[in-house]
There are 2 protein chains.
Amino acid sequence: MSTPKPPVRPPGERTRTRRPGRPSGDGRDQRERLLDAALAHYADHGVAASRLRAIATAAGVTPAMISYYFGGKAALLEAVIEERLLPVVGEIRGHLEGRDNDAGALVEGFVGGMHATIERHPWLPRLWVREVLSEGGALRELLVNRIAEQIPRRLAAAFAQAQQSGRLNPDLDPRLLVVSLVGLTLFPLAAAPLWQQVFDSDDLDTTALQHHTLALLTRGLETDHAP
Amino acid sequence: MSTPKPPVRPPGERTRTRRPGRPSGDGRDQRERLLDAALAHYADHGVAASRLRAIATAAGVTPAMISYYFGGKAALLEAVIEERLLPVVGEIRGHLEGRDNDAGALVEGFVGGMHATIERHPWLPRLWVREVLSEGGALRELLVNRIAEQIPRRLAAAFAQAQQSGRLNPDLDPRLLVVSLVGLTLFPLAAAPLWQQVFDSDDLDTTALQHHTLALLTRGLETDHAP
DNA sequence: CCAATATTTAAATGCGCGGTTAATTAATTT
DNA sequence: AAATTAATTAACCGCGCATTTAAATATTGG
């Protein structure tokens with residue numbers, strides 16, 4: 001009987017002074033904060049491994065708020081896709097606009113656009129590796145159904161046309177060139193923390209990477225045109 | 001009292017006729033089968049998401065066998081690393097032997113060796129994406145501590161030397177070239193199911209990919225040397 | 001100023017996980 | 001052939017998760 005129930009309040013974490021009830025004014029953007037916290041957790045730990053408790057805590061609310069605003073785990077993911085992911089996909093697509101008839105310009109636009117987009121949204125490569133590249137990823141369906149037509153298939157078609165008119169290395173495969181482009185942009189940026197650790201260097205910034213990538217794409221390993 | 005305890009045996013799954021007790025002869029390789037099942041599950045679902053129950057079921061035993069043979073979840077991973085993963089790393093390294101002073105031969109050896117190794121061990125790219133590339137992956141430490149010196153740093157050093165003696169495109173970064181090589185081999189092979197779905201084609205086999213990759217690496221996008 | 005409504009928390013619920021234990025049977029040793 | 005050891009299963013335990021419910025508090029509308 002010594003402790004009937006004094007709010008045991010574990011001293012760690014954050015000051016849990018909030019009692020139930022509608023708050024006074026201040027917090028009107030709980031929904032937005034939840035979306036941001038969810039996106040960050042998805043990128044850092046993967047969608048499946050993201051705990052609603054952790055997302056809610058990061059947003060400064062209780063997990064029940066996720067049910068209240070979205071309806072559940074699956075609906076939260078859906079909302080993140082619609083309101084956070086798809087706008088960024090549109091941004092990437094925008095960097096290709098009006099370059100459809102020049103393979104070189106298209107490649108430059110893709111490489112540059114990808115770097116620019118990731119500069120603004122650093123979570124993108126991590127999320128992509130976990131949820132698109134990995135089989136069973138939560139965003140794979142999204143890529144295949146809603147993005148494939150807008151970006152990769154469009155690029156491949158443009159490359160095929162350039163190749164037919166003799167303006168692209170005929171030993172390449174237009175579709176695989178799209179894969180190579182992703183492997184030379186999204187992949188190295190996703191792996192940046194890894195190779196910085198492997199090569200023990202921070203001096204290799206994304207500008208250097210962009211330079212290197214364009215050099216490799218245009219000339220390959222060769223030292224020069226005229227030996 | 002109508003059902004005192006008739007072995008309720010749920011009719012689905014597999015015939016669970018096995019009663020407790022040491023089996024008669026046949027199954028002497030349970031440990032090996034558990035290692036294989038664990039590796040497969042790691043590649044398919046990720047290490048963290050692999051349930052001991054599922055691994056045990058796939059190996060045809062009960063989860064308690066994992067405790068019996070290995071001691072627990074962590075020890076099982078350790079055994080898979082030592083007895084399944086590291087031998088394959090050695091195999092990859094073998095493909096580079098004796099080519100250290102020729103950047104071109106090194107690149108060819110890496111691309112060809114990677115394709116050959118993955119042909120024999122198709123789980124490799126999937127596992128690598130999930131557990132090395134992704135932050136927080138269970139095999140990242142392994143790469144940094146035990147593999148980095150044997151493969152990536154060695155390649156980078158050889159490329160730097162070739163570049164200094166004028167036998168490699170001077171606009172490239174030797175270390176980033178290693179990253180590019182991985183992005184043009186391991187990555188496309190890991191993503192194969194994805195781009196086969198995106199481009200709606202199975203005709204792009206790994207031979208075509210190898211051809212394309214070497215073409216891109218040697219000449220880049222250019223149509224030819226002498227225009 | 002009172003009733004209805006919106007927003008929030010704490011607590012309860014139920015399920016599935018990793019790991020362990022006791023019992024059971026075969027093989028091996030003496 | 002008896003005793004010991006090895007291999008195996010079923011059943012159990014406690015924990016952490018997503019979700020639901022009830023209560024509490026503020027805002028809004030009449």
Side-chain angles (χ1 to χ4, degrees), chain A residues 3-10 13-34 37-38 41-42 45-79 138, chain B residues 3-10 13-34 37-38 41-42 45-79 138:
Chain A
T3 46
K5 216 160 274 177
V8 194
R9 204 160 339 138
E13 308 274 322
R14 60 173 55 199
T15 12
R16 271 246 164 273
T17 15
R18 193 65 155 297
R19 301 206 319 290
R22 185 170 179 162
S24 33
D26 66 307
R28 188 73 321 112
D29 43 3
Q30 308 282 59
R31 212 188 104 100
E32 296 298 308
R33 297 223 312 283
L34 275 171
H41 265 79
Y42 291 164
H45 312 290
V47 171
S50 288
R51 309 300 165 192
L52 293 189
R53 265 180 167 72
I55 294 173
T57 303
V61 298
T62 53
M65 296 303 297
I66 293 174
S67 280
Y68 182 73
Y69 278 115
F70 303 98
K73 204 182 161 102
L76 173 63
L77 172 61
E78 206 55 42
Chain B
T3 45
K5 217 161 273 176
V8 192
R9 198 149 359 125
E13 309 273 322
R14 59 173 55 197
T15 13
R16 272 246 164 274
T17 15
R18 194 65 156 298
R19 300 207 317 294
R22 185 168 178 162
S24 32
D26 66 306
R28 186 74 321 111
D29 40 4
Q30 310 282 59
R31 210 187 106 101
E32 296 298 309
R33 297 224 313 283
L34 276 170
H41 264 78
Y42 291 165
H45 313 290
V47 172
S50 288
R51 309 299 166 194
L52 293 188
R53 269 179 162 76
I55 294 172
T57 303
V61 298
T62 53
M65 296 304 297
I66 293 175
S67 279
Y68 183 73
Y69 278 116
F70 302 96
K73 202 182 161 103
L76 173 62
L77 172 62
E78 208 54 42

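To find a chain, count down the sequence lines: A is the first, B the second, and so on, and within it residues start at 1. In this text, all values refer to a predicted model and were calculated from it rather than measured experimentally.
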Of the listed nucleotides (C/dT8, D/dA18, D/dT9), which one gets closest to any side-chain atom of A/Leu52?
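Within the option list, the nearest is D/dA18.
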
Could you state the [atom1]-[atom2] distance from [X] to [N], rounded to the nearest angstrom?
X       : N      : atom1 : atom2 : result
A/His41 : D/dC17 : NE2   : P     : 11 Å
A/Met65 : D/dT19 : CE    : C1'   : 15 Å
B/Arg33 : D/dA7  : CZ    : P     : 14 Å
A/Tyr68 : D/dA18 : OH    : C1'   : 19 Å
A/Arg51 : D/dT19 : CZ    : C1'   : 15 Å
B/Lys73 : C/dG16 : NZ    : C1'   : 13 Å
B/Gln30 : C/dA26 : CD    : P     : 16 Å
A/Ile66 : D/dT20 : CD1   : C1'   : 14 Å

Do the side chain of B/Arg53 and the base of C/dG18 come within less than 3.5 angstrom through a donor-acceptor pair of N or O atoms?
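Indeed there is one.
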
Find the distance between CZ (A/Arg51) and OG1 (A/Thr57) and round it off to the nearest 0.5 Å.
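Separation between the atoms: 13.0 Å.
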
Please state whether the phosphate of C/dT8, meaning OP1 or OP2, lies under 4.0 angstrom from any side-chain nitrogen or oxygen of A/Thr62.
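For C/dT8, neither OP1 nor OP2 has a side-chain N or O of A/Thr62 closer than 4.0 Å.
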
Are the side chains of A/Ile55 and A/Leu76 in touch, meaning some heavy atoms are under 4.5 Å apart?
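In contact.
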
So A/Leu34 and A/Phe70, do their side chains get closer than 4.5 Å, heavy atoms only?
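Counting from C-beta outward, A/Phe70 and A/Leu34 do come under 4.5 Å.
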
Using a 3.5 Å distance criterion without hydrogens, assess whether the side chain of B/Ser67 forms a donor-acceptor pair with backbone atoms of B/Gly72.
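No; zero donor-acceptor contacts below 3.5 Å.
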
